Amino acid sequence: MTTAQSPSAGHGRNGSSRFVIIGAGMSGILSAIKLREAGLHDFAIYEKADRLGGTWRDNTYPGLACDVPSHLYCYSFAPNPDWSHRFASGAEIQSYFEAVARRLGIDRLIQYGKEVRRCTFSDGRWKIELADGSTDVADFVIAATGVLRDPAYPDIPGLETFAGPALHTARWDHRVTTAGRRIGIVGTGSSAIQVVSALVSEAAELVLFQRTPQWIMAQENPPYTPAERDDFRIHPEKMAELRADIARAFADGFSNAVVDAYSPQLQAIHEACVANLENSVRDPELREKLRPNYRAGCKRLIMSDDFYEAIQRPNARLVTEAIAGIEPGGVRTADGRLHALDVLVLATGFRVDRFVRPMQVSGRCGARLDDVWKEGPFAYLAITVPAFPNFFMLNGPNGPVGNFSLIDVAELQLGYILQLVEQVRAGSCREVSVSPTAMRRFEDERRQAAASTIWQSGCKSWYLDPHGVPIAWPWTFDRFREEMRAPRLVDFELR
Ligand code: NAP
């Protein structure tokens, strides 16, 4: 067993605070950049995989792209004049994070193949235990472990008996040939819609198994011309302007609207989705099968300018009969029909209640995060949990996931966290944790506000917890930005 840092090493008061950052995805890289910028150089970044990038490393399925415009979906301090399209592909986003980490010298600081198994708070510091037996000790932990990380596999009888390859979208195997094959896709979320559009032209047959139809918003994805990209390079202020414009439009037109189920913006989005369906799907029977019976925005809104075209191709088939089981030869539906397949794609989403888990986190007096979260994960402002001092999450539970660019969310949260860290470093305390009273008040208000959001307007989705309460930030993004400006110290215990 190796020990990277002895338990007796310094604490904040003497200016030598040590940080452990868990994860080297978008928010882990960001944490390292911002800690260094703040003059805090004593940190380790542990990454369990052999490459940085988080969700953009793990998701490589055909057609993967981000539905937040690229000039917004990047770090505010690292604009990229070279985005190829309004909405970049997953591979391009992964290259962006690698390039930023390389350019700012973060990549060489990342310790790869280092999975953190346990964090234990003891004697005012965090003991970190890794899967390889090594340990570390830190004053502060920043858990940058991601949100949509662990694939959810469907509980369909016989899944394991399928004779061909069965791929989850988040674990694509590029050795599998899809061209000329009969491909079955389970699911109709953002991942499925992109895969369908990407694979239909090369598949012998594509069968989409739909349990619930989705509203789809038409979304063009024009390329940036070489002249536009040169212009961005020469005039970075134009990129900044574009970013600000997109952010404002995104906030006003969507993020601030989804939290009010009766907002005019949501009504306009619904009408645009209905028009898209009416105008794009020619066969009335297929059109009705694709028409959801809930309001647009209730499930995560899907953006696509080619899905309806893809599902109307002669080699594509939409199956709305429930799946009864999977057999070696394909998928059997409840009407008794066997849909013969060579490749099965599971676009069945993620386990969204994991956050830092399966890592074991024990706080003050041995409080186990697993026990504290037994009714479901929660965190004050999606960052911190009582009795877990100096332990901060980026994009933790109940944050504005889905409402905005998670990069902006993480940047704002990190600014907030650094202000809390400063309390310790300035000597006002050694431990900072949200008070149980503030946590309870926040949870009560959050649950109450959640009732007016579009997510609770009559559909099932990953936005709902097992009791049907929306798990995402239920207020406007503007309010989130405001909250992140400065911690209300009365809500914290500074010991
Ligand atoms: P998802 O939205 O959770 O969709 C999962 C799909 O699988 C749903 O259609 C669900 O049906 C279906 N499903 C699950 N279990 C099933 C079963 N046993 N039998 C039949 N169908 C089953 O997952 P996702 O598409 O991976 O997207 C998750 C989130 O990732 C998105 O909402 C988004 O936030 C993010 N994402 C974003 C992008 C982008 O930027 N464009 C792309 C991909 C993902 P029901 O609807 O009936 O439950």
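Just so you know, ligand 1 is whichever comes first in the structure, and atom 1 is the first atom listed for that ligand. This one's a predicted model, so the numbers in the text were calculated from it and none came from an experiment. These numbers come from the heavy atoms of this one structure, side chains and all, not from hydrogens, waters or symmetry mates.
Ala347 O, 3.3 Å is the protein heavy atom nearest to atom 6 (C) of ligand 1. Closest protein heavy atom to atom 26 (O) of ligand 1: Ser191 OG, 2.6 Å. The closest protein non-hydrogen atom to atom 28 (C) of ligand 1 is Trp462 NE1, 3.8 Å.
Set against the non-hydrogen atoms of Leu148, the atoms of ligand 1 under 4.0 Å away are 29 (C), 30 (O), 34 (O), 35 (C). Each of the atoms 45 (P), 46 (O), 47 (O) of ligand 1 lies under 4.0 Å from some heavy atom of Thr212. Per-residue contacts place Val186 under 4.0 angstrom from the following atoms of ligand 1 (heavy atoms of the residue considered): 20 (C), 21 (N). Residue Ala65 approaches ligand 1 through these ligand atoms, each under 4.0 Å from one of its heavy atoms: 39 (C), 40 (O), 41 (N). Atoms of ligand 1 lying under 4.0 Å from at least one heavy atom of Gly187, given by number and element, are 6 (C), 7 (O), 9 (O), 12 (C). Taking every non-hydrogen atom of Cys66 and a distance limit under 4.0 Å, the qualifying atoms of ligand 1 come out as 40 (O).
Neither the backbone nor the side chain of Tyr153 has any atom closer than 4.0 Å to an atom of ligand 1 (non-hydrogen atoms only). Counting heavy atoms closer than 4.0 Å to ligand 1, residue Phe209 contributes nothing at all. Heavy atoms of Ala152 found under 4.0 angstrom from ligand 1: none, in either backbone or side chain.
The closest approach between a heavy atom of Tyr463 and any atom of ligand 1 is not below 4.0 Å. In this structure, Lys460 falls outside the shell of residues with a heavy atom less than 4.0 angstrom from ligand 1. The shortest separation from a heavy atom of Thr188 to ligand 1 is under 4.0 Å, placing the residue in contact. Using 4.0 Å as the threshold, Met303 has no heavy atom nearer than that to any atom of ligand 1.
With respect to Arg291 and Glu288, a salt bridge is recorded, a charged nitrogen being found less than 4.0 Å from a carboxylate O.
When each of Arg103, Arg57, Arg51 is tested with Glu98 by the rule salt bridge (charged side-chain N to carboxylate O under 4.0 Å, His left out), just one qualifies, namely Arg51.
Counted within 6.0 Å of CD on Glu160, heavy atoms from surrounding residues, nucleotides or ligands total more than 12; the atom is thus considered enclosed.
Under the 6.0 Å distance and 45° angle rule, Arg295 counts as a cation-pi partner of Tyr262.
In this structure, the ring of Tyr153 has its center less than 6.0 angstrom from the ring center of His168.
Residue contacts with ligand 1: Lys299 is placed with a nitrogen or oxygen under 3.5 Å of a nitrogen or oxygen of the ligand (distance criterion only).
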